[in-house]
Amino acid sequence: MDLLNETEVRVLASLIEKESTTPEYYPLSLNALMLACNQKTNRDPVVSYDEDTVSDALDSLRAKRLARPASAHSRVAKYEHSILEVFNLGRRELALLCTLMLRGPQTVGELRDRSDRMRSFSDLEEVEACLETLMRWEPHPLATRLARQPGWKEPCYMHLLSGDAEPPPAVAPRQPLEEQIEALRQEIRELREQFENFRTSRNAG
């Protein structure tokens, strides 16, 4: 399997995503593909590619048979992915792989929620079954399960199209951390209110 660099991963994933989420605008022009790569939503990390960067990635993806110019007649050149001709994936597995490519390592629950725009999953077990398919892919696994990180309740999964990358730094998830902070703030507010009520009652006595 030819490994992909970070730019190739983002360009390919953007083509896959837009085919499902905005089929009326697919295949994509070079400018539309650049905008898709640089979206600030549903992307991690957020990038700022120019057209030359995207065009170079398209050229290398074409050499790897993962993308190509669209055959539809148009004055503006348009592009589409051809990943299903290289990897005989089902649409559910493709949606999960694309989500991993767009947003990095994620838990099963995150993958179910974030893949919903491309393909709905009935439950977490269905997501896990599709991930198992990706992890057992022959001749090379397309995804892997990472060791559970400190502060996380469950393990994350990541794609392997760029090789065996290092897992992310061991940090607590941002959202649960924010929830913990807000819970502590609420507890402090309640304790202050109880103290004020206690002081008021003593003064009144």
Side-chain angles (χ1 to χ4, degrees), residues 1-106 110-121 127 130-131 133-135 137 139-144 156-163 165:
M1 181 177 68
D2 293 326
L3 297 182
L4 307 183
N5 62 36
E6 180 180 305
T7 309
E8 292 168 341
V9 167
R10 178 59 58 87
V11 170
L12 179 57
S14 297
L15 287 171
I16 297 169
E17 178 197 48
K18 296 306 178 185
E19 180 190 27
S20 294
T21 60
T22 57
E24 65 273 23
Y25 300 115
Y26 184 85
L28 302 181
S29 67
L30 182 59
N31 183 66
L33 180 53
M34 178 189 71
L35 294 175
C37 291
N38 295 341
Q39 269 183 218
K40 290 183 168 45
T41 57
N42 302 313
R43 303 288 186 269
D44 187 15
V46 173
V47 298
S48 183
Y49 296 157
D50 57 23
E51 286 195 358
D52 287 340
T53 301
V54 176
S55 181
D56 289 344
L58 276 171
D59 287 342
S60 57
L61 288 170
R62 287 173 64 184
K64 295 169 182 174
R65 300 185 298 118
L66 293 170
R68 64 192 174 200
S71 58
H73 298 293
S74 173
R75 287 191 238 175
V76 178
K78 294 189 175 183
Y79 303 89
E80 61 188 3
H81 74 82
S82 51
I83 188 172
L84 295 180
E85 296 177 11
V86 178
F87 304 113
N88 186 24
L89 292 167
R91 285 291 176 175
R92 296 177 306 167
E93 287 80 11
L94 183 62
L96 292 176
L97 185 62
C98 178
T99 305
L100 289 171
M101 294 164 70
L102 288 174
R103 304 191 67 160
Q106 296 158 77
E110 288 172 334
L111 284 167
R112 182 191 179 193
D113 292 341
R114 295 168 178 175
S115 298
D116 188 64
R117 295 162 64 245
M118 290 180 279
R119 187 66 52 172
S120 295
F121 291 88
V127 178
C130 292
L131 287 168
T133 298
L134 292 173
M135 290 189 292
W137 196 262
H140 305 289
L142 300 179
T144 187
C156 288
Y157 295 79
M158 66 181 293
H159 76 82
L160 294 177
L161 294 179
S162 299

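These numbers were taken from a predicted model, which means no experiment stands behind them.
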Parallel, tilted or perpendicular: which fits the ring planes of Phe87 and Trp137, with parallel below 30° and perpendicular above 60°?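 Perpendicular.
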Test applied, salt bridge (Lys or Arg N to Asp or Glu O under 4.0 Å); reference residue, Glu80; option that passes from Arg62, Arg68, Lys18: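 It is Arg68, the one option of Arg62, Arg68, Lys18 that forms the salt bridge (Lys or Arg N to Asp or Glu O under 4.0 Å) with Glu80.
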Considering the options Arg114, Arg10, Arg43, which one meets the salt bridge (Lys or Arg N to Asp or Glu O under 4.0 Å) requirement together with Glu17?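 For Glu17, the salt bridge (Lys or Arg N to Asp or Glu O under 4.0 Å) test succeeds with only one of Arg114, Arg10, Arg43, which is Arg43.
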In Å and rounded to the nearest 0.5 Å, what is the [atom1] to [atom2] distance from [X] to [Y]?
X: Leu142; Y: Glu93; atom1: CG; atom2: CD; value: 10.0 Å
X: Leu131; Y: Leu97; atom1: CG; atom2: CG; value: 10.0 Å
X: Tyr157; Y: Leu111; atom1: OH; atom2: CG; value: 9.0 Å
X: Thr21; Y: Glu19; atom1: OG1; atom2: CD; value: 9.5 Å
X: Met101; Y: Ile83; atom1: CE; atom2: CD1; value: 5.5 Å
X: Leu15; Y: Ser20; atom1: CG; atom2: OG; value: 11.5 Å

pair [X]-[Y]: side-chain heavy atoms closer than 4.5 Å:
X: Leu66; Y: Glu8; result: no
X: Leu84; Y: Arg91; result: yes
X: Thr144; Y: Met158; result: yes

Under a 3.5 Å distance rule, please check whether [X] uses its side chain to pair with a backbone N or O of [Y] as donor and acceptor.
X: Arg112; Y: Phe121; value: yes
X: Ser14; Y: Leu33; value: no
X: Lys78; Y: Tyr25; value: no
X: Gln106; Y: Thr99; value: yes

Quick one: do Lys64 and Leu4 satisfy side chain to side chain contact (heavy atoms under 4.5 Å, CB included)? Show the steps, please. CA-CA 9 Å; Lys64 295 169 182 174; Leu4 307 183; 3.8 Å; yes
In sequence, state the C-alpha distance, the side-chain angles, and the governing distance for His159 and Val9, and then conclude on side chain to side chain contact (heavy atoms under 4.5 Å, CB included). CA-CA 10 Å; His159 76 82; Val9 167; 3.9 Å; yes
Using a strict threshold of under 4.0 Å (side-chain N to carboxylate O), is an ion pair present between Glu110 and Arg103?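 Glu110 and Arg103: not salt-bridged.
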Within a radius of less than 6.0 Å around CD of Glu6, do more than 12 heavy atoms belonging to other residues, nucleotides or ligands occur?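 Open: at most 12 neighbouring heavy atoms sit under 6.0 Å from CD of Glu6.
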Distance-minimising heavy-atom pair for [X] and [Y]:
X: Cys37; Y: Val47; result: O-CG2, 3.3 Å
X: Cys98; Y: Ala13; result: SG-O, 3.3 Å
X: Ser55; Y: Leu30; result: N-CD1, 4.0 Å
X: Pro27; Y: Ala70; result: CG-CB, 3.4 Å

Any chance the side chains of Asp50 and Thr53 put a donor and an acceptor closer than 3.5 Å?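 A pair is found: one side chain offers a donor N or O, the other an acceptor, under 3.5 Å apart.
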For Tyr79, which of Leu28, Leu58, Leu61 qualifies under side-chain contact (heavy atoms from CB on, under 4.5 Å)?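 Checked Leu28, Leu58, Leu61 against Tyr79; only one passes side-chain contact (heavy atoms from CB on, under 4.5 Å): Leu58.
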